**Student:** 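Please see the structure below; I have some questions.
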Amino acid sequence: MEDFLDILKYTIPSGVVFATAYFVLRAFLQNGTQKKLLELKLSNQNVITPVRLQAYERVILLLERISPSSLVLRVARPGMSAAELQAVLVQTVRDEFEHNLSQQIYMSATAWDMTRNAKEEMIKIINLASARLNDEATAADLGSVILELAMAKDKLPVNMAIDYIKKEARQLY
């Protein structure tokens, strides 16, 4: 029995020391791991933030380029028929959008959906305006109808998308 008490005299204090060391080291290592993860996140943030801002800029530029007034003024050429202008406008909107498809990686799903909806709405306005004209209509006639349809809307999806993307970009700061 005395031997048993001697063993307990040595094992209990060493067990307490072991448990203390274990918990102190575990807390220290977890704290170090969390600190490393935070540093990694911060360094990634320093790389990703400028790229995200550039993506927002490019999508805003896309939306500005497909807005009705900008698009019609940029694409219309003297002597074009309404049908020719319609085809060129639709193709231009699609090309602009496809050129910026990769930007969706850096944006929220909502912002990208609004961008895609703005593109679809713009194509819809172009086609609707074209359907209102006869076969002899000129590019100027089509441009006028497109602008009228755009003005008739309270707020164009292009403008709503721009506003949302600006708001989302401001949240980065």
Side-chain angles (χ1 to χ4, degrees), residues 34-173:
Q34 288 175 348
K35 188 175 178 181
K36 289 281 186 195
L37 286 174
L38 185 60
E39 287 173 5
L40 182 62
K41 243 184 185 178
L42 258 165
S43 69
N44 282 344
Q45 204 77 348
N46 290 336
V47 172
I48 295 288
T49 300
V51 174
R52 285 186 72 192
L53 283 174
Q54 185 180 29
Y56 288 128
E57 289 171 4
R58 287 188 62 175
V59 171
I60 294 280
L61 182 61
L62 155 75
L63 292 167
E64 288 290 346
R65 288 177 61 88
I66 68 169
S67 68
S69 58
S70 171
L71 185 64
V72 170
L73 290 174
R74 194 175 72 250
V75 174
R77 300 284 175 254
M80 285 180 106
S81 70
E84 291 171 330
L85 180 60
Q86 176 195 10
V88 173
L89 289 173
V90 169
Q91 189 60 46
T92 301
V93 170
R94 288 185 175 138
D95 289 346
E96 291 281 347
F97 183 76
E98 287 173 11
H99 182 70
N100 290 289
L101 276 174
S102 63
Q103 304 312 312
Q104 66 184 299
I105 293 171
Y106 304 106
M107 307 176 79
S108 70
T110 304
W112 188 251
D113 286 343
M114 291 182 85
T115 303
R116 186 175 44 245
N117 290 342
K119 174 203 67 141
E120 294 299 327
E121 186 66 25
M122 193 58 221
I123 291 172
K124 184 176 159 186
I125 288 172
I126 293 166
N127 290 334
L128 185 61
S130 179
R132 290 186 176 186
L133 299 174
N134 60 29
D135 293 340
E136 293 85 35
T138 65
D141 297 332
L142 178 60
S144 296
V145 175
I146 289 172
L147 294 175
E148 286 173 20
L149 289 173
M151 297 269 208
K153 292 191 172 280
D154 290 335
K155 194 162 186 181
L156 286 171
V158 168
N159 296 334
M160 291 188 307
I162 289 171
D163 291 344
Y164 185 83
I165 290 168
K166 285 180 181 178
K167 180 181 161 192
E168 191 173 292
R170 278 189 222 105
Q171 291 174 352
L172 290 176
Y173 298 104

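Keep in mind that what you see is a predicted model, and the values were worked out from it rather than measured. Just so you know, residue 1 is the first one in the sequence shown, and it goes up from there.
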**Student:** Going by the rule side-chain contact (heavy atoms from CB on, under 4.5 Å), which residues pair with Arg77 if we only count those two or more places apart in sequence or in a different chain?
**Tutor:** Met80

**Student:** Say you draw a straight line from CD1 of Ile123 to CD of Gln86; how long is it, rounded to the nearest 0.5 Å?
**Tutor:** 10.5 Å

**Student:** Only counting residues at least two apart or in another chain, list the ones meeting ring-ring contact (aromatic ring centres under 6.0 Å, His included) with Tyr164.
**Tutor:** none

**Student:** If we only count heavy atoms from C-beta on, is the Arg94 to Val90 side-chain gap below 4.5 Å?
**Tutor:** yes

**Student:** Applying side-chain hydrogen bond (donor to acceptor under 3.5 Å, both in side chains), can you list everything that pairs with Arg74, at least two apart in sequence or on another chain?
**Tutor:** Ser70

**Student:** Is a side-chain N or O of Glu98 found less than 3.5 angstrom from the main chain of Asp95, in a donor-acceptor match?
**Tutor:** no

**Student:** Could I get the full list of side-chain contact (heavy atoms from CB on, under 4.5 Å) partners for Thr138, not counting sequence neighbours?
**Tutor:** Ala140, Asp141

**Student:** Quick one: does Glu96's side chain have a donor or acceptor within less than 3.5 Å of a partner on Arg65's backbone?
**Tutor:** no

**Student:** For Asn134, does the CG atom sit with more than 12 other heavy atoms under 6.0 Å from it, leaving out its own atoms?
**Tutor:** yes

**Student:** If only atom types and distance count, is the side chain of Thr115 paired as donor or acceptor with the main-chain N or O of Ala111 below 3.5 Å?
**Tutor:** yes

**Student:** Applying ring pair (Phe, Tyr, Trp, His ring centres under 6.0 Å), which residue pairs with at least one partner in residues 71-123 are found, sequence neighbours left out?
**Tutor:** Phe97-Trp112

**Student:** Give me each pair satisfying salt bridge (Lys or Arg N to Asp or Glu O under 4.0 Å) with a member in residues 147-159, each pair once, sequence neighbours excluded.
**Tutor:** Glu121-Lys153, Lys155-Asp163

**Student:** Could you state the interatomic distance from CG (Leu142) to CZ (Arg132), rounded to the nearest 0.5 Å?
**Tutor:** 11.5 Å

**Student:** Drop me the distance from Ile125's CD1 to Ile66's CD1, to the nearest 0.5 angstrom.
**Tutor:** 10.0 Å

**Student:** Looking at every non-hydrogen atom in both residues, tell me the closest pair between Leu63 and Val158 and how far apart they are.
**Tutor:** O-CG1, 3.2 Å

**Student:** To the nearest 0.5 angstrom, please state how far the OG atom of Ser108 sits from the CE atom of Met114.
**Tutor:** 9.5 Å

**Student:** How long is the span from the CG atom in Asn127 to the CD1 atom in Ile146, to the nearest 0.5 Å?
**Tutor:** 9.0 Å

**Student:** Between Leu147 and Pro68, which heavy-atom pair has the shortest distance, and what is it?
**Tutor:** CD2-C, 3.9 Å

**Student:** Give the minimum heavy-atom separation between Ala82 and Leu133, together with the two atoms involved.
**Tutor:** CB-CD1, 4.1 Å

**Student:** Would you compute the distance between atom CD1 of Ile126 and atom CD of Gln91 and round it to the nearest 0.5 angstrom?
**Tutor:** 11.0 Å

